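The structure appears below as structure tokens.
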There are 2 protein chains.
Amino acid sequence: MRIIQFSKSTSYALHALVRLARSEPGVNVGIKELSASLGIPESYLSKVMSKLRQDGLVRAVTGASGGYELARSPEKISFLDVIQVIEGRQHLYECFHTDAQRPSKPQCLIHQVMDGAEERLLQYLREHTIQWVLDRRKEHEPIV
Amino acid sequence: MRIIQFSKSTSYALHALVRLARSEPGVNVGIKELSASLGIPESYLSKVMSKLRQDGLVRAVTGASGGYELARSPEKISFLDVIQVIEGRQHLYECFHTDAQRPSKPQCLIHQVMDGAEERLLQYLREHTIQWVLDRRKEHEPIV
DNA sequence: CAATAATGGACATTACAGGTCTATAATAGT
DNA sequence: ACTATTATAGACCTGTAATGTCCATTATTG
Ligand code: SF4
Ligand code: SF4
């Protein structure tokens with residue numbers, strides 16, 4: 001029974017992005033500082049950051065005094081963006097019937113309910129951005 | 001990167017319950033008939049049905065001319081009920097920080113967004129029942 | 001008693017999340 | 001040019017969960 005739960009990778013990505021959004025633009029944050037301040041294994045986080053770069057959410061600079069920074073402004077990065085980069089774009093529900101076994105052309109009712117539920121979820125995640133977090137963040141909090 | 005998707009077991013359970021809801025109350029439907037009409041492996045479906053019984057969604061009768069029937073009326077069985085029986089009641093988001101590492105008492109903001117998203121999802125699933133499917137079901141459709 | 005049907009346990013298979021380590025490439029400062 | 005620093009990509013390992021099969025047991029009907 002597959003677990004309906006976001007992966008740690010997604011959580012790591014979200015925390016890292018908030019952390020990056022907190023630093024001045026133009027300042028690179030290294031993986032060491034990132035992993036230390038968030039409490040995430042360094043080598044694993046580097047994998048996650050690499051994925052974020054490949055999908056255009058952050059920019060990376062190699063070499064001394066290199067590191068990461070956001071590729072676009074925090075209000076342009078939604079939770080949904082992050083989740084879809086890490087988890088992929090699979091649907092919440094998938095038919096177990098093949099096309100041949102499928103009763104009839106338009107979607108069956110169970111499918112309709114599940115897709116409706118998914119849309120509610122995605123809509124909420126689309127409406128909430130990294131900037132949303134920054135706006136409500138208290139300065140004294142170490143992370144978020 | 002854990003897949004955010006309902007398990008096949010959940011899908012099987014939903015289809016089986018709709019199938020049971022279609023038959024007259026008091027008539028038991030056997031696992032053979034169920035699995036055949038839905039196109040689900042018999043021995044695996046029996047596991048799923050067993051779980052549904054343990055959690056009070058269906059009643060089972062062993063022995064000759066035994067089988068399954070709904071334990072309550074279809075409008076009292078929501079999609080959320082079924083999903084929570086099969087998938088468990090884990091939250092969509094879970095902190096990777098331990099209590100000791102946790103920044104401060106009330107929930108952090110990332111957590112708040114994720115919980116908000118979860119609530120939208122659950123609310124939708126709570127509002128849709130097996131009866132909802134029956135009401136919209138066309139008589140000639142073999143399954144739903 | 002015999003046929004039927006659900007139950008529970010054991011077991012196999014596959015996939016993947018989470019994590020570590022290393023060699024390589026790129027960059028900044030000396 | 002050399003060196004220290006840093007991201008990148010790949011190989012690799014481990015545990016666990018999902019899906020599925022099979023069998024022995026138990027309960028029920030006729
Ligand atoms: S939604 Fe329709 S096609 Fe998909 S699994 Fe259910 S009955 Fe089959
Ligand atoms: S929500 Fe707060 S406690 Fe939970 S993982 Fe994020 S920073 Fe840590």
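All of these numbers come straight from a predicted model, not from anything done at the bench. Atom set for the values below is all heavy atoms of this structure, side chains included, hydrogens, waters and symmetry mates excluded. Naming convention: chains lettered A, B, ... in sequence-line order (proteins, then strands); numbering from 1 in each chain.
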For the pair made of [atom1] in [X] and [atom2] in [N], what is the distance, rounded to whole Å?
X	N	atom1	atom2	result
A:Gln90	C:dA15	CD	P	15 Å
B:Leu52	C:dG8	CG	C1'	16 Å
A:Glu42	D:dT5	CD	P	13 Å
A:Phe96	D:dG20	CZ	P	10 Å
A:Lys51	C:dG18	NZ	P	12 Å
B:Ile4	C:dC16	CD1	P	14 Å
B:Glu94	C:dG18	CD	C1'	14 Å
B:Tyr12	D:dT21	OH	C1'	13 Å

Testing the 3.5 Å rule here: is there a donor-acceptor pair between the side chains of [X] and [Y]?
X	Y	answer
B:Glu87	B:Ser7	yes
A:Glu127	A:Ser78	no
A:Glu118	A:His91	yes

Near-strand residues of residues 14-27 of chain B, defined as heavy-atom separation under 4.0 angstrom from DNA chain C
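Heavy-atom contacts with DNA chain C come from no residue of residues 14-27 of chain B; none.
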Which parts of residues 33-41 of chain A get close to DNA chain C, meaning a heavy atom less than 4.0 angstrom away?
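Of all residues in residues 33-41 of chain A, the ones placing a heavy atom under 4.0 Å from DNA chain C are A:Pro41.
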Should the ring pair A:Tyr93 and B:His15 be called parallel, tilted or perpendicular, given that the plane angle runs from 0 to 90° and is split at 30 and 60?
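A:Tyr93 vs B:His15 ring planes: parallel.
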[X]/[Y] ion pair, N-O < 4.0 Å:
X	Y	value
A:Asp115	A:Arg120	no
A:Glu139	A:Arg22	no
B:Glu94	A:Lys8	no

Going by heavy atoms in the side chains, are [X] and [Y] under 4.5 Å from each other?
X	Y	answer
A:Leu20	A:Ile130	no
A:Leu34	A:Tyr12	no
B:Arg72	B:Ile77	yes

For B:Ile86 and B:Val48, what are the C-alpha separation, side-chain angles and deciding distance, and is it a side-chain contact (heavy atoms from CB on, under 4.5 Å)?
CA-CA 8 Å; B:Ile86 303 294; B:Val48 174; 4.1 Å; yes
B:Cys108 and B:Gln112: side-chain contact (heavy atoms from CB on, under 4.5 Å), yes or no, with the steps?
CA-CA 6 Å; B:Cys108 306; B:Gln112 282 179 35; over 6 Å; no
Got a sec, which residues hit ring pair (Phe, Tyr, Trp, His ring centres under 6.0 Å) with A:His128, two or more places apart in sequence or on another chain?
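If we apply the ring pair (Phe, Tyr, Trp, His ring centres under 6.0 Å) test to A:His128, skipping adjacent residues, the hits are A:Tyr124, A:Trp132.
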Dump the pairs, protein N or O against N or O of nucleotides 11-16 of chain D, anything under 3.5 Å, distances to one decimal.
from: D:dA11; atom 1: N6; to: A:Lys47; atom 2: NZ; distance (Å): 3.1

Output, in order, the C-alpha distance, side-chain angles, deciding distance and verdict of side-chain contact (heavy atoms from CB on, under 4.5 Å) for B:Ile31 and B:Tyr68.
CA-CA 8 Å; B:Ile31 194 73; B:Tyr68 302 94; 4.1 Å; yes
Taking only the side-chain nitrogens and oxygens of [X], find out if one of them lies under 4.0 Å from OP1 or OP2 of [N].
X	N	answer
A:Gln54	D:dA9	yes
B:Tyr44	C:dT13	no
B:Lys8	D:dG20	yes
A:Arg53	D:dA7	no
B:Tyr68	C:dT7	yes

For nucleotides 22-30 of chain C, 5' to 3', base contacts (B), sugar-phosphate-only contacts (S) and non-contacts (-) with protein non-hydrogen atoms under 4.0 Å give ----BBS--
For DNA chain D, the dot-bracket notation using Watson-Crick and G-U wobble pairs below 3.5 Å, [ ] for pseudoknot-type crossings and | for other-strand pairs, is ||||||||||||||||||||||||||||||
Indicate the atoms forming the closest heavy-atom contact of A:Thr10 with A:Ile83, along with that distance.
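Closest approach of A:Thr10 to A:Ile83: CG2-CG1, 3.8 Å.
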Quick check on the hydrophobic clustering: are B:Leu57 and B:Val61 connected, directly or via other members, by side-chain heavy-atom contacts under 4.5 Å?
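Result: no, two separate clusters.
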Tell me, with the steps shown, if B:Ile40 and A:Phe96 meet side-chain contact (heavy atoms from CB on, under 4.5 Å).
CA-CA 9 Å; B:Ile40 299 174; A:Phe96 61 87; 3.8 Å; yes
